[in-house]
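In what follows, a structure is listed as C-alpha coordinates, so that the remarks can point back to it.
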Amino acid sequence: MTTGTDTAAPAVLPAVPAPAEEVRESAPPPRPAPDTGHAERPARQPLRAFGRRLRAVALRSAAILALLAVWEVAPRLGLADPTFLPPVSEVAAAWWELLLNGQLGEHTWASLVRSFGGFAIAVVVAVPLGLLIGWYRPVAALLGPLLEVFRNTAALALLPVFVLLLGIGETSKVSIVVYACVWPILLNTISAVGNADPTLVRLARSMDLSTPRLFQKVILPASVPAVFTGVRLAGAISILVLVAAEMIGAKAGLGYLINASQFNFAIPQMYAGIVTISAIGVAFNQLLVTIERRLSTWRVPS
(Lines give C-alpha, C1' and ligand atoms only; values in the text may rest on other atoms or scores of the structure.)
Protein backbone atom coordinates (compact mmCIF):
# COMPACT_ATOMS: atom_id res chain seq x y z
CA MET A 1 0.00 0.00 0.00
CA THR A 2 0.97 3.37 -0.64
CA THR A 3 0.19 6.05 1.77
CA GLY A 4 0.60 8.99 -0.59
CA THR A 5 -0.48 9.82 -4.03
CA ASP A 6 2.00 9.01 -6.74
CA THR A 7 3.02 12.08 -8.72
CA ALA A 8 4.37 11.37 -12.17
CA ALA A 9 7.61 13.11 -13.06
CA PRO A 10 7.28 15.47 -16.04
CA ALA A 11 8.37 13.88 -19.25
CA VAL A 12 11.44 15.38 -20.87
CA LEU A 13 10.83 15.98 -24.57
CA PRO A 14 13.70 15.41 -26.94
CA ALA A 15 15.24 18.53 -28.47
CA VAL A 16 13.90 19.26 -31.91
CA PRO A 17 16.54 20.58 -34.27
CA ALA A 18 15.86 24.03 -35.61
CA PRO A 19 14.99 24.38 -39.26
CA ALA A 20 17.85 24.76 -41.68
CA GLU A 21 16.73 28.27 -42.57
CA GLU A 22 16.96 29.41 -38.95
CA VAL A 23 20.40 27.84 -38.58
CA ARG A 24 21.63 29.70 -41.58
CA GLU A 25 20.22 32.96 -40.30
CA SER A 26 21.67 32.60 -36.86
CA ALA A 27 25.13 31.45 -38.01
CA PRO A 28 27.62 34.28 -38.53
CA PRO A 29 28.44 34.91 -42.19
CA PRO A 30 31.79 33.53 -43.33
CA ARG A 31 34.54 36.07 -43.69
CA PRO A 32 35.67 36.57 -47.26
CA ALA A 33 39.25 35.68 -48.01
CA PRO A 34 41.46 38.73 -48.35
CA ASP A 35 41.80 39.68 -52.01
CA THR A 36 45.47 40.32 -52.34
CA GLY A 37 45.34 40.48 -56.13
CA HIS A 38 43.41 43.75 -56.20
CA ALA A 39 45.70 45.27 -53.61
CA GLU A 40 48.81 44.35 -55.53
CA ARG A 41 47.46 45.29 -58.97
CA PRO A 42 47.84 49.10 -58.61
CA ALA A 43 51.40 48.61 -57.41
CA ARG A 44 52.25 46.27 -60.27
CA GLN A 45 50.82 48.43 -63.05
CA PRO A 46 53.59 51.09 -62.99
CA LEU A 47 56.20 48.34 -62.93
CA ARG A 48 54.63 46.60 -65.92
CA ALA A 49 54.36 49.89 -67.83
CA PHE A 50 58.00 50.65 -67.07
CA GLY A 51 58.96 47.17 -68.23
CA ARG A 52 57.11 47.61 -71.52
CA ARG A 53 58.77 50.96 -72.14
CA LEU A 54 62.16 49.52 -71.30
CA ARG A 55 61.67 46.66 -73.75
CA ALA A 56 60.52 49.08 -76.46
CA VAL A 57 63.57 51.29 -75.95
CA ALA A 58 65.87 48.26 -75.97
CA LEU A 59 64.29 46.99 -79.19
CA ARG A 60 64.65 50.36 -80.91
CA SER A 61 68.23 50.79 -79.73
CA ALA A 62 69.42 47.29 -80.58
CA ALA A 63 70.41 48.07 -84.18
CA ILE A 64 72.20 51.30 -83.19
CA LEU A 65 74.08 49.57 -80.38
CA ALA A 66 75.09 46.78 -82.76
CA LEU A 67 76.37 49.36 -85.26
CA LEU A 68 78.40 51.11 -82.57
CA ALA A 69 79.83 47.79 -81.42
CA VAL A 70 80.89 46.87 -84.97
CA TRP A 71 82.34 50.35 -85.43
CA GLU A 72 84.41 49.96 -82.27
CA VAL A 73 85.59 46.41 -82.89
CA ALA A 74 86.28 46.45 -86.64
CA PRO A 75 89.22 48.94 -86.59
CA ARG A 76 90.75 47.30 -83.53
CA LEU A 77 90.68 43.85 -85.13
CA GLY A 78 92.14 45.09 -88.39
CA LEU A 79 88.93 44.61 -90.37
CA ALA A 80 89.05 48.32 -91.29
CA ASP A 81 91.89 50.79 -91.51
CA PRO A 82 91.85 52.76 -88.23
CA THR A 83 93.44 55.71 -90.05
CA PHE A 84 90.32 56.27 -92.12
CA LEU A 85 87.79 54.66 -89.78
CA PRO A 86 88.86 55.26 -86.17
CA PRO A 87 87.03 53.44 -83.37
CA VAL A 88 83.89 55.05 -82.08
CA SER A 89 85.57 55.71 -78.73
CA GLU A 90 88.13 57.97 -80.45
CA VAL A 91 85.31 59.75 -82.28
CA ALA A 92 83.51 60.28 -78.96
CA ALA A 93 86.70 61.68 -77.42
CA ALA A 94 87.12 64.07 -80.36
CA TRP A 95 83.46 65.12 -80.10
CA TRP A 96 83.90 65.86 -76.41
CA GLU A 97 87.05 67.88 -77.08
CA LEU A 98 85.24 69.95 -79.73
CA LEU A 99 82.42 70.53 -77.30
CA LEU A 100 84.72 71.70 -74.51
CA ASN A 101 86.71 74.14 -76.65
CA GLY A 102 83.51 75.67 -78.06
CA GLN A 103 84.05 74.80 -81.71
CA LEU A 104 81.20 72.31 -81.87
CA GLY A 105 78.73 74.75 -80.36
CA GLU A 106 79.78 77.54 -82.71
CA HIS A 107 79.51 75.43 -85.86
CA THR A 108 76.26 73.80 -84.75
CA TRP A 109 74.62 77.14 -84.00
CA ALA A 110 75.61 78.56 -87.38
CA SER A 111 74.12 75.54 -89.17
CA LEU A 112 70.93 75.53 -87.13
CA VAL A 113 70.23 79.21 -87.78
CA ARG A 114 70.63 78.76 -91.53
CA SER A 115 68.79 75.45 -91.73
CA PHE A 116 65.83 76.25 -89.51
CA GLY A 117 65.54 79.77 -90.91
CA GLY A 118 65.26 78.47 -94.47
CA PHE A 119 62.95 75.67 -93.36
CA ALA A 120 60.57 78.08 -91.59
CA ILE A 121 60.43 80.36 -94.64
CA ALA A 122 59.67 77.37 -96.87
CA VAL A 123 56.79 76.26 -94.62
CA VAL A 124 55.28 79.76 -94.52
CA VAL A 125 55.47 80.06 -98.32
CA ALA A 126 54.67 76.52 -99.46
CA VAL A 127 51.65 75.63 -97.32
CA PRO A 128 49.41 78.58 -98.33
CA LEU A 129 50.58 78.31 -101.94
CA GLY A 130 49.82 74.59 -101.96
CA LEU A 131 46.34 75.18 -100.55
CA LEU A 132 45.69 77.79 -103.22
CA ILE A 133 46.94 75.64 -106.11
CA GLY A 134 45.17 72.52 -104.83
CA TRP A 135 41.81 74.24 -104.39
CA TYR A 136 41.61 76.38 -107.52
CA ARG A 137 41.88 74.31 -110.68
CA PRO A 138 42.76 77.22 -113.02
CA VAL A 139 45.73 78.14 -110.83
CA ALA A 140 46.91 74.52 -110.88
CA ALA A 141 46.58 74.37 -114.67
CA LEU A 142 48.54 77.62 -115.02
CA LEU A 143 51.40 76.82 -112.66
CA GLY A 144 51.56 73.04 -113.17
CA PRO A 145 54.15 73.00 -116.00
CA LEU A 146 56.36 75.54 -114.21
CA LEU A 147 56.28 73.48 -111.01
CA GLU A 148 57.26 70.34 -112.91
CA VAL A 149 60.32 72.10 -114.36
CA PHE A 150 61.63 73.39 -111.04
CA ARG A 151 60.79 70.32 -108.94
CA ASN A 152 62.99 68.18 -111.20
CA THR A 153 65.93 70.58 -110.94
CA ALA A 154 68.27 69.57 -108.12
CA ALA A 155 68.90 72.26 -105.54
CA LEU A 156 72.66 71.66 -105.45
CA ALA A 157 72.79 72.07 -109.24
CA LEU A 158 71.52 75.61 -108.75
CA LEU A 159 73.93 76.43 -105.93
CA PRO A 160 76.41 78.22 -108.26
CA VAL A 161 73.52 80.31 -109.57
CA PHE A 162 72.51 81.31 -106.04
CA VAL A 163 76.12 82.18 -105.20
CA LEU A 164 76.49 84.31 -108.36
CA LEU A 165 73.21 86.15 -107.81
CA LEU A 166 73.22 86.49 -104.00
CA GLY A 167 76.89 86.27 -103.09
CA ILE A 168 78.75 83.81 -100.91
CA GLY A 169 77.27 85.06 -97.64
CA GLU A 170 74.33 83.92 -95.57
CA THR A 171 71.66 84.93 -98.08
CA SER A 172 72.68 82.37 -100.67
CA LYS A 173 72.83 79.54 -98.12
CA VAL A 174 69.41 80.30 -96.65
CA SER A 175 67.96 80.72 -100.14
CA ILE A 176 69.18 77.33 -101.32
CA VAL A 177 67.61 75.75 -98.21
CA VAL A 178 64.31 77.50 -98.94
CA TYR A 179 64.38 76.31 -102.55
CA ALA A 180 65.09 72.71 -101.56
CA CYS A 181 62.42 72.62 -98.81
CA VAL A 182 59.59 74.25 -100.75
CA TRP A 183 58.96 71.39 -103.17
CA PRO A 184 58.13 68.48 -100.85
CA ILE A 185 55.87 70.70 -98.73
CA LEU A 186 54.18 72.27 -101.76
CA LEU A 187 53.53 69.03 -103.63
CA ASN A 188 52.23 67.18 -100.58
CA THR A 189 49.92 70.08 -99.73
CA ILE A 190 48.52 70.16 -103.27
CA SER A 191 47.94 66.41 -103.13
CA ALA A 192 46.28 66.64 -99.70
CA VAL A 193 43.79 69.29 -100.85
CA GLY A 194 43.01 67.37 -104.03
CA ASN A 195 42.36 64.17 -102.07
CA ALA A 196 40.01 65.73 -99.52
CA ASP A 197 36.82 63.73 -98.99
CA PRO A 198 34.28 65.13 -101.50
CA THR A 199 31.38 64.01 -99.31
CA LEU A 200 32.59 66.20 -96.45
CA VAL A 201 33.16 69.09 -98.85
CA ARG A 202 29.62 68.82 -100.24
CA LEU A 203 28.21 68.54 -96.74
CA ALA A 204 30.07 71.67 -95.67
CA ARG A 205 28.85 73.54 -98.73
CA SER A 206 25.26 72.48 -98.00
CA MET A 207 25.63 74.16 -94.60
CA ASP A 208 26.50 77.45 -96.36
CA LEU A 209 30.02 77.59 -94.97
CA SER A 210 32.22 80.28 -96.44
CA THR A 211 35.49 79.33 -98.10
CA PRO A 212 37.67 80.35 -95.11
CA ARG A 213 35.43 78.35 -92.75
CA LEU A 214 35.47 75.41 -95.16
CA PHE A 215 39.26 75.41 -95.09
CA GLN A 216 39.30 75.72 -91.32
CA LYS A 217 36.78 72.98 -90.58
CA VAL A 218 37.31 70.46 -93.40
CA ILE A 219 40.30 70.98 -95.68
CA LEU A 220 43.02 71.81 -93.16
CA PRO A 221 42.22 69.00 -90.65
CA ALA A 222 42.04 66.45 -93.47
CA SER A 223 45.31 67.72 -94.97
CA VAL A 224 47.42 67.59 -91.80
CA PRO A 225 48.89 64.06 -92.28
CA ALA A 226 49.94 64.59 -95.91
CA VAL A 227 51.23 68.11 -95.25
CA PHE A 228 53.36 66.90 -92.35
CA THR A 229 54.80 64.16 -94.51
CA GLY A 230 56.15 66.87 -96.78
CA VAL A 231 57.26 68.93 -93.79
CA ARG A 232 59.26 66.02 -92.38
CA LEU A 233 60.90 65.41 -95.75
CA ALA A 234 61.75 69.09 -95.96
CA GLY A 235 63.26 69.00 -92.47
CA ALA A 236 65.72 66.29 -93.52
CA ILE A 237 66.46 68.04 -96.81
CA SER A 238 67.15 71.35 -95.07
CA ILE A 239 70.07 69.86 -93.12
CA LEU A 240 71.52 67.84 -95.99
CA VAL A 241 71.44 70.67 -98.51
CA LEU A 242 72.88 73.15 -96.02
CA VAL A 243 75.81 70.89 -95.16
CA ALA A 244 76.63 70.55 -98.87
CA ALA A 245 76.39 74.32 -99.32
CA GLU A 246 78.65 74.92 -96.30
CA MET A 247 81.28 72.61 -97.76
CA ILE A 248 81.55 74.81 -100.84
CA GLY A 249 81.73 78.24 -99.32
CA ALA A 250 81.48 79.00 -95.60
CA LYS A 251 83.63 79.91 -92.63
CA ALA A 252 81.42 78.30 -90.01
CA GLY A 253 78.94 75.45 -89.81
CA LEU A 254 78.99 71.70 -89.52
CA GLY A 255 79.62 71.31 -93.25
CA TYR A 256 82.64 73.58 -92.93
CA LEU A 257 83.82 71.60 -89.90
CA ILE A 258 83.61 68.30 -91.79
CA ASN A 259 85.35 69.69 -94.86
CA ALA A 260 88.12 71.40 -92.88
CA SER A 261 88.72 68.28 -90.79
CA GLN A 262 89.09 66.23 -93.94
CA PHE A 263 91.66 68.63 -95.42
CA ASN A 264 93.60 68.72 -92.14
CA PHE A 265 93.36 64.92 -91.86
CA ALA A 266 91.62 65.21 -88.49
CA ILE A 267 89.49 62.15 -89.16
CA PRO A 268 87.95 61.74 -85.67
CA GLN A 269 86.78 65.38 -85.77
CA MET A 270 85.29 64.76 -89.21
CA TYR A 271 83.25 61.82 -87.93
CA ALA A 272 82.25 63.87 -84.87
CA GLY A 273 80.69 66.45 -87.19
CA ILE A 274 78.88 63.73 -89.15
CA VAL A 275 77.47 62.18 -85.95
CA THR A 276 76.29 65.62 -84.80
CA ILE A 277 74.41 66.15 -88.06
CA SER A 278 72.73 62.75 -87.70
CA ALA A 279 71.69 63.49 -84.12
CA ILE A 280 70.22 66.85 -85.12
CA GLY A 281 68.26 65.22 -87.95
CA VAL A 282 66.80 62.54 -85.66
CA ALA A 283 65.86 65.07 -82.98
CA PHE A 284 64.26 67.43 -85.49
CA ASN A 285 62.24 64.64 -87.07
CA GLN A 286 61.01 63.50 -83.66
CA LEU A 287 59.95 67.07 -82.87
CA LEU A 288 57.92 67.23 -86.09
CA VAL A 289 56.31 63.86 -85.32
CA THR A 290 55.26 65.16 -81.89
CA ILE A 291 53.75 68.31 -83.41
CA GLU A 292 51.89 66.22 -85.98
CA ARG A 293 50.38 64.06 -83.24
CA ARG A 294 49.22 67.14 -81.36
CA LEU A 295 47.55 68.52 -84.46
CA SER A 296 45.97 65.15 -85.35
CA THR A 297 44.32 64.35 -82.02
CA TRP A 298 40.92 64.39 -83.73
CA ARG A 299 41.79 61.33 -85.80
CA VAL A 300 40.42 57.96 -84.71
CA PRO A 301 43.35 55.57 -84.09
CA SER A 302 43.38 52.55 -86.36
Going by heavy atoms in the side chains, are [X] and [Y] under 4.5 Å from each other?
X      : Y      : result
Ile190 : Leu147 : yes
Leu85  : Trp71  : yes
Arg76  : Pro82  : no
Gln269 : Leu98  : yes
Tyr271 : Trp95  : no
Ile239 : Leu254 : no
Thr276 : Thr108 : yes
Pro75  : Asp81  : no

Minimum heavy-atom separation for [X] to [Y], with atom names?
X      : Y      : value
Ser115 : Val177 : O-CG1, 3.8 Å
Val193 : Gly130 : CG2-O, 4.5 Å
Val227 : Ala192 : CG2-CB, 4.4 Å
Ala244 : Leu156 : CB-CD2, 3.7 Å
Pro86  : Ile267 : CD-CG2, 3.7 Å
Ile176 : Leu158 : CD1-C, 4.4 Å

Mind checking the [atom1]-[atom2] spacing from [X] to [Y]? Nearest 0.5 Å is all I need.
X      : Y      : atom1 : atom2 : value
Leu143 : Leu186 : CG    : CG    : 9.0 Å
Arg232 : Gln286 : CZ    : CD    : 8.5 Å
Leu100 : Trp96  : CG    : CH2   : 5.0 Å
Ile280 : Phe116 : CD1   : CZ    : 7.0 Å
Leu159 : Ser172 : CG    : OG    : 7.0 Å

Could you check whether Glu246 pairs with Lys173 (Lys NZ or Arg NE/NH1/NH2 to Asp/Glu carboxylate O, under 4.0 Å)?
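Salt bridge flag = no for Lys173 with Glu246.
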
Honestly curious: do [X] and [Y] fall in one hydrophobic cluster under the side-chain, below-4.5 Å linking rule?
X      : Y      : result
Ile277 : Trp109 : no
Leu166 : Tyr179 : yes
Leu129 : Leu146 : yes
Ile274 : Ile237 : yes
Tyr256 : Leu112 : no

Would you call the rings of Trp183 and Phe150 parallel, tilted or perpendicular, where under 30° means parallel and over 60° means perpendicular?
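Taking Phe150 first and then Trp183, their aromatic rings lie parallel (interplane angle under 30°).
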
Are the side chain of [X] and the backbone of [Y] linked by a donor-acceptor contact shorter than 3.5 Å?
X      : Y      : answer
Glu72  : Ser89  : yes
Asn264 : Ala266 : no
Ser261 : Leu257 : yes
Asn188 : Pro184 : yes
Ser175 : Thr171 : yes

Strictly by ring pair (Phe, Tyr, Trp, His ring centres under 6.0 Å), give each pair with a member in residues 218-246 just once, sequence neighbours left out.
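Sorted pair list comes back empty.
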
For atom CZ of Phe162, is the number of surrounding heavy atoms from other residues, nucleotides or ligands below 6.0 Å larger than 12?
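Above 12, so yes.
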
Taking atom CD of Glu170 as the centre, does the number of heavy atoms from other residues, nucleotides or ligands within less than 6.0 Å exceed 12?
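Yes, the 6.0 Å shell around CD holds more than 12 heavy atoms from other groups.
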
Side chain to side chain contact (heavy atoms under 4.5 Å, CB included) evaluation trace for Phe119 with Val178:
CA-CA 6 Å; Phe119 171 79; Val178 173; over 6 Å; no

Working for side chain to side chain contact (heavy atoms under 4.5 Å, CB included), residues Glu97 and Asn101
CA-CA 6 Å; Glu97 182 181 357; Asn101 59 28; 4.2 Å; yes

Before you tell me yes or no, could you show the steps for Ser111 and Val243 under side chain to side chain contact (heavy atoms under 4.5 Å, CB included), namely the whole-Å CA-CA distance, both residues' side-chain angles and the distance that decides it to 0.1 Å?
CA-CA 8 Å; Ser111 294; Val243 169; 5.8 Å; no

